[in-house]
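Naming convention: chains lettered A, B, ... in sequence-line order (proteins, then strands); numbering from 1 in each chain.
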Amino acid sequence: MRTHYCGTIRTEQIGETVTLCGWIDRRRDLGGVIFLHLRDRSGSVQFVSDPVRTPDSYHLAETLRSEYVVKITGKVYRRPEESLNARIPTGEIEIYAEQIEVLNRVQKQLPFQVSASEDETSVREDLRLKYRYLDLRRERMSANLHLRHQVIKTIRRFLEDKFNFIEIETPILTRSTPEGARDFILPSRVNLGEWFALPQSPQLFKQLLMVSGFDRYYQIARCFRDEDLRADRQPEFTQLDMEMSFMDQEEIMDLNEELICQIFKEIKHVEIPRPFPRLAYAEAMDNYGCDKPDTRFDLKLVNVSDLFKDSQFKVFSGAIASGGIVKILPISGGNQTISNVRIKPGGNLFKEATEAGAKGLAYIRVLENNEIDTIGAIKDSLTPESKQQLLTLTGAKPGDLLLFGAGDAAMVNKTLDRLRLVIGRELGLINDEQVNLLWVTDFPMFEWNADEKRLEAIHHPFTAPHPDDLSDLTTARAQAYDIVYNGTEVGGGSVRIHQREIQEQVFTAIGLSSEEAHDKFGFLLEAFDYGTPPHGGIAYGIDRLVMLLAGEESIRDVIAFPKTQQARCPLTNAPASVDAKQLKDLEVVSTYKPKAE
RNA sequence: GGGACUGUAGCUCAGUUGGUUAGAGCGCGCGCCUGUCACGCGCGAGGUCGCGGGUUCGAGUCCCGUCAGUCCCGCCA
């Protein structure tokens, strides 16, 4: 039907007669000459029609409108010198529209303009999602989906051709597991009263594939979690899931660095230096207050607990006495860039701090001659020696601002992490062009869940403890690693447990009874008895990775048909009710009562 | 489950202290225009101000409720 894609025509095709199909992007009717831009997924190209050069098509060209689907045949010409358009790849040529065939018309006014325009106005997202098929015709969305495809293609080529990985599909209908997010569940008709769950990840199946000897497995896997949505969270999302046998943590990380470098080389055309920097979890928490620090800018936290443990200032000494810490976020030149209004109640930094759980936001301003400006209670509590120590520890110089966090460690870290990011962004310390990749390693195995009064796996309960820490699992480090890209966790993995006794110990540590462990994971424990190789793996959030590569702020913009924040699809109106018969076949009754009508 | 913001023409938005006939740009329709590229110029159509209720002589504007969307907290191993 056609000979080329619209966006591919270049000066090499001058003199050729081509046939193109696509959508009318724009029509400019100058009275005696009509310019048409025809668009397909490759881009657009200009056609010309006038009564002299293209007498057969001119009257039809007058009737064309935006988004009509047409097939046009004509000869490619070099544009007149004064009409060259350097802003589009096809701007050196144009095609005389000798024959036009209308393949389909637009019958209604379009809900929004498809053709890219230079103004920055953006269409409401609910409308874009309702007419997603039109939205995806637009340049930005089309580019995002093409980019996503390129990323996945690069991954497949790299893993398959260079490292002998094979892709294996794992079940979508599986069983519900404890731990982790809420499962989506489906009633089984054949086995009434029993339920399938959609997988949160292919974790157990990929480990079993290692038992089977597949050695190097990957999958572009759809995963499901029935939790509330965010800009970077959808109920169904796509993971690059990998698992490898006979490789230790270093080897796995090494292979993955090469993969990441390949992606950045293909997509961004940049070479990322290797090895990637590594930060132990404890170090990340000390210096940045979080386990996925944005290390594109420096601002590091300083622990000053020792300095204040005997302080007269009870807010600080009291926090330490009850097991907490006091930390400082020093901001170089902060006296000038951050006003007191912002730090005091009502200010945006105060608000950030209290949202993170802080009761207030204490500060010190370092003045000329290293005098300090702060509230009296803090000033009075500092001896000249402790003041000097404070300045030395934080490296503070005249003009610097010190922001305090005091209380339990988790809250202090959360508070100062948030402040660090807000201030880093505001002060322009982040270079958007910079690509910063970082491994965070040596996570603890467990963390205390105060609500459920039990230990919880930080990664997941199949993660292997560090071999040096086997004597006490509750405080052991895990052989787990996260990959952080400019402050966002894009992937995480671990070496897995491959010995039954250790797996049972971990289940015990997280409070899973022996019966429960055997009911839910008996098949895994049994598999360990039949020759399980040492193995490990990693999973990447493809949506998140592509979002960052595309420079988008929402993963919805790199997913063809995403859900809204209320987990609905405005295009299909899913979810929806089902026939009474369907429910009856499943022996399912809804107890839901709609709110009073 | 909680907090914040948004909803006015097909789209993006403005709309003063509550006051006459609710505006603009783009899009759409018609006309003019032979080198445009966000073409230009002219004319025109197009509105249940998300929905329901209330206050008021009078509501796009104030109040209550509700629906939808976005962001965040909780939640997300």
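- Phosphate proximity of B:G69 to A:R128: absent, as no side-chain N or O sits under 4.0 Å from OP1 or OP2.
- Distance from the side chain of A:P51 is smallest for B:U34 among the nucleotides B:U34, B:A77, B:U12.
- For A:R225, whose side chain is taken as the heavy atoms from C-beta onward, the closest listed nucleotide among B:C26, B:C72, B:C76 is B:C76.
- Between A:D417 and A:R420, none of the side-chain N atoms (NZ, or NE/NH1/NH2) sits under 4.0 Å from a carboxylate O, so this pair counts as no salt bridge.
- Within 4.0 Å of A:L30, counting heavy atoms only, lies at least one base atom of the nucleic acid.
- Side-chain atoms of A:S554 lie closest to B:C71 of the nucleotides B:C11, B:A77, B:C71.
- Between A:R124 and B:C13, a side-chain N or O to OP1/OP2 separation shorter than 4.0 Å is absent.
- Between A:A539 and A:D241, the shortest heavy-atom distance links the atoms CB-OD1, 3.8 Å.
- Base contact: A:S83 has a heavy atom under 4.0 Å from a base atom.
- Taking 4.0 angstrom as the limit, A:R556 places a side-chain polar atom (N or O) nearer than this to OP1 or OP2 of B:C71.
- Aromatic stacking of A:F112 on B:C11: not satisfied for centres closer than 5.5 Å together with planes under 30 degrees.
- A residue-by-residue look at A:S201 and A:P111 shows that A:P111 has its nearest nucleotide of RNA chain B further toward the 5' end.
- With B:U36, B:U70, B:C73 as the candidates, the nucleotide lying closest to the side chain of A:Q565 is B:U70.
- Among the nucleotides B:A38, B:C11, B:U12, the one closest to any side-chain atom of A:R87 is B:A38.
- Residue A:R28 has no polar side-chain atom (N or O) positioned under 4.0 Å from OP1 or OP2 of B:U34.
- Phosphate proximity of B:C39 to A:R26: present, with a side-chain N or O under 4.0 Å from OP1 or OP2.
- Screening A:Q203, A:Q503, A:R500, A:H518 against A:L524 for a side-chain contact (heavy atoms from CB on, under 4.5 Å) leaves a single residue, A:Q503.
- Salt-bridge annotation for A:E92 and A:R79: absent, with no side-chain N of the basic residue lying under 4.0 Å from a carboxylate O of the acidic one.
- A close approach under 4.0 Å does occur between a side-chain nitrogen or oxygen of A:K414 and OP1 or OP2 of B:G74.
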